[in-house]
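Note sheet for the following structure.
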There are 2 protein chains.
Amino acid sequence: MVSATLTKFSDLDGQAPFNGCQENFKQPDGIGKNTGRKQRLSAHDVLFYEGDKAERLYEVLRGVMMLYKLLPDGRRQVVYILREGDMLGFSNREFFDCTAEALTEVELQVFESREISTSPMMQHYVNRCLLSQMETLHEHTVLLGRKSALERVSTFLMSLVPNRGGHGCSGPIEEGKPDTKTVALSMTRQEIADYLGLTIETVSRVISQLKRRGLIKVEKQDSIHITNICGICQLTGMH
Amino acid sequence: MVSATLTKFSDLDGQAPFNGCQENFKQPDGIGKNTGRKQRLSAHDVLFYEGDKAERLYEVLRGVMMLYKLLPDGRRQVVYILREGDMLGFSNREFFDCTAEALTEVELQVFESREISTSPMMQHYVNRCLLSQMETLHEHTVLLGRKSALERVSTFLMSLVPNRGGHGCSGPIEEGKPDTKTVALSMTRQEIADYLGLTIETVSRVISQLKRRGLIKVEKQDSIHITNICGICQLTGMH
DNA sequence: CGCCACCTTGAGTTTACTCAAGTTTTGTGG
DNA sequence: CCACAAAACTTGAGTAAACTCAAGGTGGCG
């Protein structure tokens with residue numbers, strides 16, 4: 001047994017113990033047994049479409065992607081946001097159930113599906129990734145089914161602040177210390193709206209409201225400085 | 001390799017090939033190697049609460065269950081409906097992220113988590129179950145994020161009609177033949193509302209509207225006769 | 001037969017949506 | 001580096017869908 005703590009799928013060599021999935025990223029790009037193909041995407045490139053044949057898995061090494069589904073009349077729902085360390089390309093059937101599109105420049109590690117299914121180690125890793133994604137989906141289901149626009153946007157902003165708002169919420173770090181953070185949205189207002197089940201105008205209005213209330217400062221459209229993390233957290237509906 | 005086609009987790013004996021997950025149910029109750037514990041629940045019994053220690057997996061042998069999450073102010077979102085052949089009790093962390101409650105009388109097969117993690121066969125089966133649940137969650141995300149009340153209720157009704165409305169939609173079976181089906185809801189209006197992200201009044205009004213339009217007949221509150229499956233299907237937003 | 005839980009319906013309200021400008025930002029070419 | 005165009009974002013006014021609150025109806029079971 002190798003004792004090193006590996007955190008990326010691309011680092012797995014069939015012997016390393018599992019140690020999480022998008023939980024921390026201490027390793028350089030994968031250089032294990034899977035020296036295989038890397039793939040680069042520009043923002044808004046589509047990696048695969050809903051209905052495409054599912055033959056490969058991908059690990060996001062750098063950048064942000066989204067999975068979305070379309071209704072025939074053009075309504076779109078973004079069902080998942082993928083960040084560094086996340087995997088995509090799973091499918092139960094022969095075909096993908098979602099479209100995968102890059103939100104930023106992206107670098108991917110590519111795996112052939114059979115590489116996975118022949119390695120119990122990788123099976124196990126994929127399993128943990130699926131469970132992690134499932135929990136995220138459950139949370140997002142609550143957001144879409146039961147939260148107000150203000151709660152949705154606040155929850156979204158909190159999801160961009162590591163170690164806050166969730167199970168492992170550390171609270172304001174220390175009395176007197178500034179409780180702030182600048183986050184990169186990596187998404188347009190329309191993409192945020194399609195993720196949160198709102199319209200672009202509603203997202204814009206909520207952001208303006210948070211700005212007026214002095215909880216955030218919009219720096220570059222794509223970059224928001226949260227001036228009071230705890231204040232935003234109180235608006236998520238989870239406290 | 002055993003060549004028989006097994007369709008339930010509880011039938012797996014470590015050698016049978018995977019053959020789906022809640023896709024068809026031809027086998028009697030599981031009697032494979034896992035002769036282990038069975039558990040019965042009455043309607044509205046809670047199997048486990050969000051936050052409970054996750055130590056066992058369960059397979060639904062009979063009946064219907066739901067997974068739900070609560071917000072601190074009491075708002076509830078049902079995140080998944082589990083039917084015969086479905087598995088529950090997965091967790092990435094040490095604790096469950098949802099509460100599991102029986103909607104009807106339920107019979108479960110119980111598995112200790114370590115039984116699963118030591119069998120590659122079971123690992124693989126669990127994997128397929130997770131992927132199947134993930135696709136269902138993606139569909140439900142679209143429903144919650146982008147569909148109207150009428151579309152949500154119609155989609156819910158269609159989900160109770162096997163082989164219709166989804167990927168393998170066969171369409172109206174034959175010209176002239178009646179396109180009808182009686183479905184058991186197995187849920188109160190409140191539970192349906194909490195699943196569809198609506199209020200009980202809205203669910204009730206939509207059902208009344210479908211009744212008025214002659215698409216369904218309500219037989220026993222819990223039992224709905226769909227008199228025009230294709231008509232309901234047209235209202236799901238997916239055609 | 002009557003109670004209790006569940007369901008339905010109505011009236012009024014609220015939230016988020018639609019439509020329509022107007023503004024800001026970003027990217028491109030001179 | 002500036003001017004311009006295109007894309008993205010914001011804001012306002014009016015509307016519509018679903019919500020809340022309240023009352024009344026229905027059905028199942030002792």
Side-chain angles (χ1 to χ4, degrees), chain A residues 42-44 71 73-78 103-105 143-157 184-213 216-225 235 237, chain B residues 42-44 71 73-78 103-105 143-157 184-213 216-225 235 237:
Chain A
S42 303
H44 305 296
L71 291 173
D73 63 1
R75 281 175 288 178
R76 180 173 73 166
Q77 179 64 43
V78 174
L103 287 165
T104 63
E105 281 215 341
L143 179 145
L144 293 172
R146 288 295 177 227
K147 289 192 182 179
S148 70
L150 179 60
E151 290 170 334
R152 292 182 200 201
V153 173
S154 301
T155 304
F156 174 67
L157 289 176
L185 302 182
S186 316
M187 301 168 78
T188 65
R189 299 289 184 272
Q190 184 62 63
E191 286 153 355
I192 295 169
D194 288 348
Y195 182 49
L196 301 182
L198 299 169
T199 58
I200 184 173
E201 294 96 332
T202 298
V203 171
S204 186
R205 274 185 253 270
V206 171
I207 289 176
S208 296
Q209 186 192 333
L210 294 175
K211 211 162 38 176
R212 247 177 284 120
R213 290 164 70 165
I216 63 172
K217 284 199 179 77
V218 178
E219 296 187 335
K220 277 185 33 239
Q221 280 190 352
D222 190 51
S223 168
I224 289 191
H225 181 72
L235 299 175
Chain B
S42 303
H44 305 295
L71 291 173
D73 63 1
R75 282 175 287 180
R76 180 173 72 167
Q77 179 64 44
V78 174
L103 287 166
T104 64
E105 281 215 343
L143 178 145
L144 294 173
R146 289 297 178 224
K147 289 191 182 179
S148 70
L150 179 61
E151 290 170 334
R152 292 182 199 200
V153 173
S154 301
T155 304
F156 173 67
L157 288 175
L185 302 183
S186 315
M187 300 167 79
T188 66
R189 298 288 184 273
Q190 185 61 63
E191 287 154 355
I192 296 170
D194 288 346
Y195 183 48
L196 301 182
L198 300 169
T199 59
I200 184 174
E201 294 96 332
T202 299
V203 170
S204 186
R205 275 184 253 270
V206 171
I207 288 175
S208 297
Q209 185 192 335
L210 294 174
K211 211 161 41 174
R212 246 177 285 121
R213 290 165 70 164
I216 64 172
K217 285 198 178 76
V218 178
E219 297 187 336
K220 278 184 32 241
Q221 282 188 351
D222 190 52
S223 167
I224 289 192
H225 181 72
L235 298 175

**Study point:** With Ser186(B) via side-chain hydrogen bond (donor to acceptor under 3.5 Å, both in side chains) - residues at least two apart
**Key:** none
**Study point:** Contacts of Lys217(B) that satisfy side-chain contact (heavy atoms from CB on, under 4.5 Å) - sequence neighbours left out
**Key:** His225(B), Thr227(B)
Check your understanding: Partners of Arg213(A) by salt bridge (Lys or Arg N to Asp or Glu O under 4.0 Å), sequence neighbours excluded?
Key -> none
Practice item. Using the heavy-atom set of chain B and a strict 4.0 Å cut-off, write down the first and last nucleotide of DNA chain D that makes it in, 5' to 3'. Key: dA18(D) to dC21(D)
Point to revise | Interface residues of residues 200-208 of chain A with DNA chain C (non-hydrogen, below 4.0 angstrom) | key: Glu201(A), Thr202(A), Arg205(A)
Exercise for review: In whole angstrom, give the distance that lies between atom CD1 of Ile224(B) and atom P of dC6(C).
Suggested key: 17 Å
Practice item. First locate atom CZ of Arg75(A), then atom CG of Asp73(A), and finally report the distance between them rounded to the nearest 0.5 Å. Key: 4.0 Å
Point to revise | Results of side-chain hydrogen bond (donor to acceptor under 3.5 Å, both in side chains) for Ser223(A) - residues two or more places apart only | key: Glu219(A)
Check your understanding: If you round to the nearest 0.5 Å, how far is CZ of Arg205(A) from CG of Leu210(A)?
Key -> 14.0 Å
Exercise for review: Could you give me the CA-CA distance, side-chain angles and deciding distance for Leu196(B) and Thr155(B), then say whether side chain to side chain contact (heavy atoms under 4.5 Å, CB included) is met?
Suggested key: CA-CA 10 Å; Leu196(B) 301 182; Thr155(B) 304; over 6 Å; no
Revision key, fill the gap. Taken to the nearest 0.5 Å, the spacing of Leu235(B) CG from Leu150(B) CG works out to 5.0 Å
Check your understanding: Under a 3.5 Å cutoff on both atom distances, Watson-Crick or G-U, what's the dot-bracket for DNA chain D ([ ] crossing, | other strand)?
Key -> ||||||||||||||||||||||||||||||
**Study point:** Sub-4.5 Å side-chain heavy-atom contact between Phe156(B) and Val203(B)
**Key:** no
**Study point:** Contacts of Arg189(A) that satisfy salt bridge (Lys or Arg N to Asp or Glu O under 4.0 Å) - sequence neighbours left out
**Key:** none
Review item, nucleotides 24-26 of chain C N/O atoms under 3.5 Å of protein N/O:
| unit_1 | atom_1 | unit_2 | atom_2 | d |
| --- | --- | --- | --- | --- |
| dT26(C) | OP1 | Lys220(A) | O | 3.4 |

Point to revise | Which residues share a salt bridge (Lys or Arg N to Asp or Glu O under 4.0 Å) with Arg76(B), sequence neighbours left out | key: Asp194(B)
Practice item. Measure from CG on Leu150(A) to P on dC17(C) and round the result to the nearest Å. Key: 13 Å
Point to revise | Value in whole Å for how far the P atom of dA16(C) lies from CG of Asp194(A) | key: 17 Å
Study note, to complete from the structure: Residues passing the salt bridge (Lys or Arg N to Asp or Glu O under 4.0 Å) test with Glu201(B), sequence neighbours excluded, are none
**Study point:** Test side-chain contact (heavy atoms from CB on, under 4.5 Å) applied to Ser204(B) - qualifying residues, sequence neighbours left out
**Key:** none
Review point. What's the CD-P distance between Glu191(B) and dA5(C), to the nearest Å?
Key: 15 Å
